[in-house]
Amino acid sequence: MSAGHGHHHHERPASAVELRARALEALLAERGLVSTDAIDAVVELYENDIGPQNGAAVVGRAWVDDAYRERLLADGNSAIAELGFGGAEADNLVAVANTPTVHNLIVCTLCSCYPWPLLGLPPTWYKSPPYRARAVSEPRAVLREFGVELGAEVEIRVWDSSAEVRYLVVPMRPEGTEGMSETELAALVTRDCMVGTALPRL
Amino acid sequence: MSAGHGHHHHERPASAVELRARALEALLAERGLVSTDAIDAVVELYENDIGPQNGAAVVGRAWVDDAYRERLLADGNSAIAELGFGGAEADNLVAVANTPTVHNLIVCTLCSCYPWPLLGLPPTWYKSPPYRARAVSEPRAVLREFGVELGAEVEIRVWDSSAEVRYLVVPMRPEGTEGMSETELAALVTRDCMVGTALPRL
Amino acid sequence: MRRVDGVHDMGGMHGFGPVVETGGELPYREPWEPRVFAIQMLISAEGLGAGPGGRATREEMDPAHYLAASYYERWLYSAEQRLLRRGTIAPGDVEAMVVRLEAGETMPPHADAAMAERILDELRTAHPMGPAPAQGAFSPGQRVRVRRMHPQGHTRCPRYVRGAVGVVEAVRGVDRLPDRATYGEKIQPEPVYSVSFSSEELWGAGQEPAFTVLLDLWASYMEPA
Amino acid sequence: MRRVDGVHDMGGMHGFGPVVETGGELPYREPWEPRVFAIQMLISAEGLGAGPGGRATREEMDPAHYLAASYYERWLYSAEQRLLRRGTIAPGDVEAMVVRLEAGETMPPHADAAMAERILDELRTAHPMGPAPAQGAFSPGQRVRVRRMHPQGHTRCPRYVRGAVGVVEAVRGVDRLPDRATYGEKIQPEPVYSVSFSSEELWGAGQEPAFTVLLDLWASYMEPA
């Protein structure tokens with residue numbers, strides 16, 4: 001699975017930047033400076049092991065276990081470690097809970113900071129100029145694009161990840177989920193719910 | 001002299017934007033909406049009739065005629081009209097005088113506003129991001145690029161042309177010019193002297 | 001697309017590199033450039049365009065395009081947009097003419113001496129602001145704070161002065177607020193003030209000795225400090 | 001080029017268009033993109049680069065290039081720059097390899113299982129901030145004003161909060177000020193605070209109901225209000 005080593009066969013010709021990326025990898029591999037399997041390992045880590053399923057497991061637990069929820073909101077790092085999660089870009093995790101009168105939204109206006117160990121690598125929109133520019137100045141217009149309409153009584157709290165703190169939104173448990181298991185509940189929690197651009201739905 | 005009418009023969013092929021500009025002119029001419037001679041007239045106006053020689057004449061007069069200088073600093077529009085100057089982009093002219101303790105610098109951070117009737121069309125650097133960004137935040141570093149070093153005792157006043165006022169810097173008359181005529185003096189006054197990025201030299 | 005707190009608002013931004021570069025002293029480098037300038041002037045003078053003027057139209061450009069484009073490329077963009085908005089040209093017209101020119105077709109000039117006279121008259125005519133009122137919202141010597149605001153369209157209040165405290169130095173006259181007049185709103189003129197700011201107020205203590213920055217600001221942009 | 005109040009600082013800027021676009025929900029679209037991400041991680045972990053990290057390096061990109069480039073194209077840029085600065089690669093090396101690849105040369109992979117283990121360990125390890133001090137410069141509930149400043153390099157204080165008044169909500173811990181630590185200065189950690197701002201303070205009254213924006217700000221960025 002190594003780019004730059006002739007394994008890729010695209011229908012279309014490679015772009016200049018793709019060629020350059022493959023050349024950089026090939027160069028570092030040829031000199032023995034970067035190992036192809038280390039690159040593969042990083043890619044596979046975030047494609048297979050680490051992704052929104054981790055964050056969803058945290059939220060699912062918080063929905064069924066009030067004591068866990070309290071620990072999560074009080075000390076994010078310790079609480080996610082209970083479920084085996086943590087690492088780079090969740091060095092200082094703060095979980096923020098939605099309520100009937102508070103909706104939380106996460107952004108990084110300066111960069112693309114994001115809690116990798118819980119959500120994987122961020123979607124393109126999270127890293128793009130429109131979201132970075134608008135989330136802090138017109139959050140309701142942004143939420144509307146995602147199909148989320150909130151009542152005027154809801155205070156929107158936009159968290160700009162300007163330092164080394166990373167945020168996880170704990171959405172409200174939807175009505176009608178009383179009989180569901182922790183696993184079934186976690187399946188309702190999409191990535192966007194934990195960034196604040198979606199609400200969990202049955 | 002009409003672009004888009006086959007009169008231009010470049011060594012190099014026309015760029016996409018040049019082609020597009022020529023096409024727009026040809027399109028408007030073919031439909032009789034814009035006349036080629038009107039375009040020629042505007043280009044020639046700013047190439048031949050209107051340019052820094054106008055502003056230099058104003059400064060030359062101010063250097064030899066204290067009463068004119070006073071009128072110029074009090075009411076720019078009327079004073080330049082005395083010499084036959086005025087028009088679009090000098091709708092509200094304000095002349096600002098350099099002194100041993102004040103140096104004036106003109107910029108337009110939002111756009112490229114500039115006193116056309118006195119200085120012609122602005123140089124590329126005046127319209128470019130580096131000048132627009134830096135003149136208001138590090139004027140001494142900018143002046144240094146132009147070879148202008150001012151003592152720490154000099155207050156730099158940077159005029160950002162944010163409204164419909166246009167500015168003309170009246171530089172200090174250099175020493176050693178006592179015997180010179182108004183015309184000789186005007187010849188010392190370069191465009192950049194009247195923007196504030198140069199000082200007149202003998 | 002009336003949302004233009006954009007990259008054109010450059011005061012204080014970093015990363016653009018040196019001011020002085022080879023060729024930068026010229027107003028333009030290519031013969032087509034002043035012709036696009038002239039066309040934009042004629043579009044306004046002859047009423048061939050519609051919507052906000054060339055300047056506000058250029059501010060609506062995609063930010064990456066705005067920065068990548070040369071100066072007169074932006075003018076070409078605004079000329080085309082204004083013509084399209086009024087229906088003077090239709091989408092595809094310019095592209096079709098490009099094809100014809102590339103095929104070697106030679107287009108005859110169009111002469112109209114009266115139009116040339118009109119535009120020269122217009123360019124030689126000043127349209128000054130109205131006189132300053134005897135009593136305005138602010139007076140010379142007064143301390144003012146620029147409002148922290150987030151205009152949804154064209155504005156002449158750059159970001160770098162918003163929230164800053166300055167001193168009114170002079171009243172320039174009265175003029176319609178561009179934030180609304182640009183979009184054709186019928187509004188009354190209001191006073192415009194020359195306001196000075198210390199560099200330390202704007203940027204904090206810096207590497208250069210303190211200096212002064214002055215802007216001409218409409219009354220609506222400010223409140224008493 | 002330590003001057004980065006640049007276009008990366010986007011909070012509140014206009015003109016970028018819609019957030020939701022087809023394909024935008026994916027972390028990447030091309031197989032080379034996560035590989036560039038991995039290479040950047042390995043450059044840091046294996047000490048192959050020099051100078052400011054990937055983030056500060058990307059902020060030094062030419063603004064037009066920054067906006068025109070795709071996300072991982074920026075990462076490729078920073079990876080190359082950091083390798084060049086340390087001399088791990090030389091100018092022209094990448095271009096030469098492009099030529100070899102285009103000529104059809106097939107490059108064998110390089111295996112190093114220990115390196116793969118090291119990077120996985122590193123990515124699974126958190127490096128938390130130091131604990132909050134008993135007594136810091138500010139306390140929860142306190143009103144603070146963000147300094148009006150104009151940093152000459154990397155900063156974590158976005159332009160849109162400078163000069164604004166907010167309220168300290170919590171102390172996050174202590175951390176070294178990025179404005180200096182990024183460039184290798186040996187400095188002591190200082191408290192980092194969660195500070196909330198009303199939208200009206202930041203942007204004035206807007207078209208949306210008032211909302212709250214919260215940032216994590218180092219003590220150096222603020223003064224008592």
Side-chain angles (χ1 to χ4, degrees), chain B residues 2-6 8 17-27 29-30 32-39 41-43 45 77 86-88 90-92 109-111 121 123-125 127 129-133 136-140 142 145-146 152 155-160 162-165, chain C residues 8-13 16-20 24-27 30-32 34-36 38-39 41-42 48 55 71 73 76 79-80 89 93-94 97-98 101 106-107 109-113 115-116 119-120 123-129 156 158 172 175 192 203 208-209 211-216:
Chain B
S2 65
H5 297 82
H8 282 285
V17 61
E18 172 175 357
L19 258 178
R20 200 168 179 96
R22 289 169 55 194
L24 183 66
E25 176 176 340
L27 184 64
E30 183 175 55
L33 294 169
V34 165
S35 86
T36 321
D37 50 352
I39 296 175
V42 172
V43 172
L45 178 70
N77 279 27
D91 303 285
N92 307 277
T109 62
L110 294 174
C111 182
L121 298 183
T124 299
W125 59 257
K127 302 174 283 193
Y131 187 71
R132 289 165 54 186
V136 292
S137 61
E138 44 175 23
R140 282 177 192 263
V142 169
E145 283 194 32
F146 284 93
E155 177 198 0
I156 298 181
R157 288 165 74 83
V158 185
W159 301 85
D160 187 354
S162 49
E164 299 308 319
V165 178
Chain C
H8 71 279
D9 185 357
M10 293 178 173
M13 277 181 68
F16 292 120
V19 171
V20 176
E25 70 282 4
L26 301 172
E30 304 278 335
W32 63 268
R35 302 190 73 78
V36 163
I39 289 169
M41 293 291 113
L42 286 160
L48 300 174
R55 176 172 175 169
Y71 183 76
E73 195 175 339
L76 177 62
E80 285 191 47
I89 65 172
D93 282 354
V94 177
M97 182 58 81
V98 166
L101 293 178
T106 301
M107 303 299 299
H110 167 62
D112 181 344
M115 187 184 292
I119 188 67
L120 291 180
L123 290 172
R124 288 180 171 132
T125 305
H127 300 283
M129 286 193 277
R156 301 296 185 83
R172 293 299 191 201
D175 196 9
V192 177
W203 312 113
E208 302 199 349
F211 54 95
T212 306
V213 180
L214 300 101
L215 294 88
D216 294 306

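So that the names make sense, note that chain A is the first sequence line, chain B the second, and so on, each numbered from 1.
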A.B. asks: Is it the backbone or the side chain of C:Asp175 that comes under 4.5 Å from a heavy atom of chain B, or both, or neither?
C.D. replies: side chain
A.B. asks: At a 4.5 Å cut-off on heavy atoms, which part of B:Glu155 comes close to chain C: side chain, backbone, both, or neither?
C.D. replies: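 B:Glu155 touches chain C through side-chain heavy atoms alone.
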A.B. asks: Taking atom CG of C:Leu214 and atom CZ of B:Arg157, what is their separation to the nearest 0.5 Å?
C.D. replies: 4.5 Å
A.B. asks: Which atom pair, heavy atoms only, marks the closest approach of C:Ala126 to B:Ala90?
C.D. replies: CB-O, 4.2 Å
A.B. asks: Grab the two heavy atoms, one from C:Glu208 and one from B:Arg140, that are nearest each other, plus how far apart they are.
C.D. replies: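 So the minimum-distance heavy-atom pair works out to OE1-N, 2.8 Å.
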A.B. asks: Using only atom types and a distance under 3.5 Å, with no angle test, would you say the side chain of B:Asn92 pairs donor to acceptor with the backbone of C:Pro128?
C.D. replies: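 Flag not set: sc B:Asn92 to bb C:Pro128 has no pair under 3.5 Å.
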A.B. asks: Work out which heavy atom in B:Ser35 is nearest to a heavy atom in C:Ala111; give both atom names and the distance.
C.D. replies: CB-C, 4.1 Å
A.B. asks: Ignoring hydrogens and angles, tell me if any N or O in the side chain of B:Asp37 forms a donor-acceptor pair with the backbone of C:Asp112 under 3.5 Å.
C.D. replies: yes
A.B. asks: Measure the spacing between SG of B:Cys111 and CE of C:Met10 and express it to the nearest 0.5 Å.
C.D. replies: 10.5 Å
A.B. asks: Is C:Val192 in contact with chain B via its backbone, its side chain, both, or neither, using a 4.5 Å heavy-atom distance?
C.D. replies: side chain
A.B. asks: Rounded at 0.5 Å granularity, tell me how far CG in B:Leu27 sits from CG in C:Leu101.
C.D. replies: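 These two atoms lie 9.5 Å from each other.
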A.B. asks: Measure the shortest side-chain to side-chain distance between B:Pro129 and C:Met13 over non-hydrogen atoms and say whether it is less than 4.5 angstrom.
C.D. replies: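 Answer no - side chains too far apart.
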A.B. asks: Determine whether B:Glu30 and C:Met97 make a side-chain contact, defined as any pair of heavy atoms from C-beta on separated by less than 4.5 Å.
C.D. replies: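 Yes - at least one pair of side-chain heavy atoms lies under 4.5 Å apart.
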A.B. asks: Checking B:Thr36 side chain against C:His110 main chain: does a donor-acceptor pair fall under 3.5 Å?
C.D. replies: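 Checked: pair present.
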A.B. asks: Which bit of B:Leu19 comes within less than 4.5 Å of chain C, counting heavy atoms only: side chain, backbone, both or neither?
C.D. replies: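 Interface part for B:Leu19: both.
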A.B. asks: Which bit of C:Leu48 comes within less than 4.5 Å of chain B, counting heavy atoms only: side chain, backbone, both or neither?
C.D. replies: side chain
A.B. asks: Do you know the tightest heavy-atom contact between B:Val136 and C:Phe211?
C.D. replies: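 Looking at all heavy atoms of both residues, the shortest contact is O-CE1, 3.3 Å.
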A.B. asks: Any sub-3.5 Å donor-acceptor pair from B:Arg132's side-chain atoms to C:His8's backbone N or O?
C.D. replies: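 Yes, because the side chain of B:Arg132 sits within donor-acceptor range (under 3.5 Å) of the backbone of C:His8.
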A.B. asks: So for C:Val36, is it side chain, backbone, both, or neither that comes closer than 4.5 Å to the heavy atoms of chain B?
C.D. replies: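 It is the side chain, since no backbone atom gets that close.
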A.B. asks: Is a donor from one side chain sitting under 3.5 angstrom from an acceptor on the other, for C:Glu25 and B:Thr124?
C.D. replies: no
A.B. asks: Please classify the contact of C:Arg55 with chain B as side chain, backbone, both or neither, using a heavy-atom distance under 4.5 Å.
C.D. replies: side chain
A.B. asks: Using a 4.5 Å cut-off on heavy atoms from C-beta on, say whether the side chain of B:Trp125 contacts that of C:Val20.
C.D. replies: no
A.B. asks: Write down the atom of B:Pro130, the atom of C:Gly17, and the distance for their closest heavy-atom approach.
C.D. replies: CB-O, 3.4 Å
A.B. asks: Does B:Glu18 come within less than 4.0 Å of C:Arg35, counting only side-chain N to carboxylate O?
C.D. replies: no
A.B. asks: Has C:Trp32 got a side-chain atom pairing as donor or acceptor with B:Arg20's backbone, closer than 3.5 angstrom?
C.D. replies: no
A.B. asks: Using atom types as modelled and distance alone, determine if a side-chain donor or acceptor of B:Ser162 lies under 3.5 Å from a backbone N or O of C:Asp216.
C.D. replies: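 Yes.
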A.B. asks: Is it the backbone or the side chain of C:Leu123 that comes under 4.5 Å from a heavy atom of chain B, or both, or neither?
C.D. replies: both
A.B. asks: Rounded to the nearest 0.5 Å, what separates atom CG in C:Leu76 from atom CD in B:Glu25?
C.D. replies: 11.5 Å
A.B. asks: Heavy atoms, side chains only, cut-off 4.5 Å: are C:Thr212 and B:Ile156 in contact?
C.D. replies: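 C:Thr212 vs B:Ile156: side chains apart.
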A.B. asks: Is the shortest heavy-atom distance from the side chain of C:Arg124 to the side chain of B:Leu45 under 4.5 Å?
C.D. replies: yes
A.B. asks: How long is the span from the CG atom in B:Leu24 to the CD1 atom in C:Ile89, to the nearest 0.5 Å?
C.D. replies: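 Result: 6.0 Å between the selected atoms.
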A.B. asks: Taking all non-hydrogen atoms of both residues into account, name the closest pair between B:Thr109 and C:Pro158 and its distance.
C.D. replies: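 Taking B:Thr109 first and C:Pro158 second, the nearest heavy atoms are OG1-CG, 4.1 Å.
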A.B. asks: Pick one of side chain, backbone, both or neither for C:Met129, based on which atoms fall under 4.5 Å of a heavy atom in chain B.
C.D. replies: both
A.B. asks: Would a 4.5 Å heavy-atom cut-off, applied to side chains only, mark C:Leu215 and B:Trp159 as touching?
C.D. replies: no
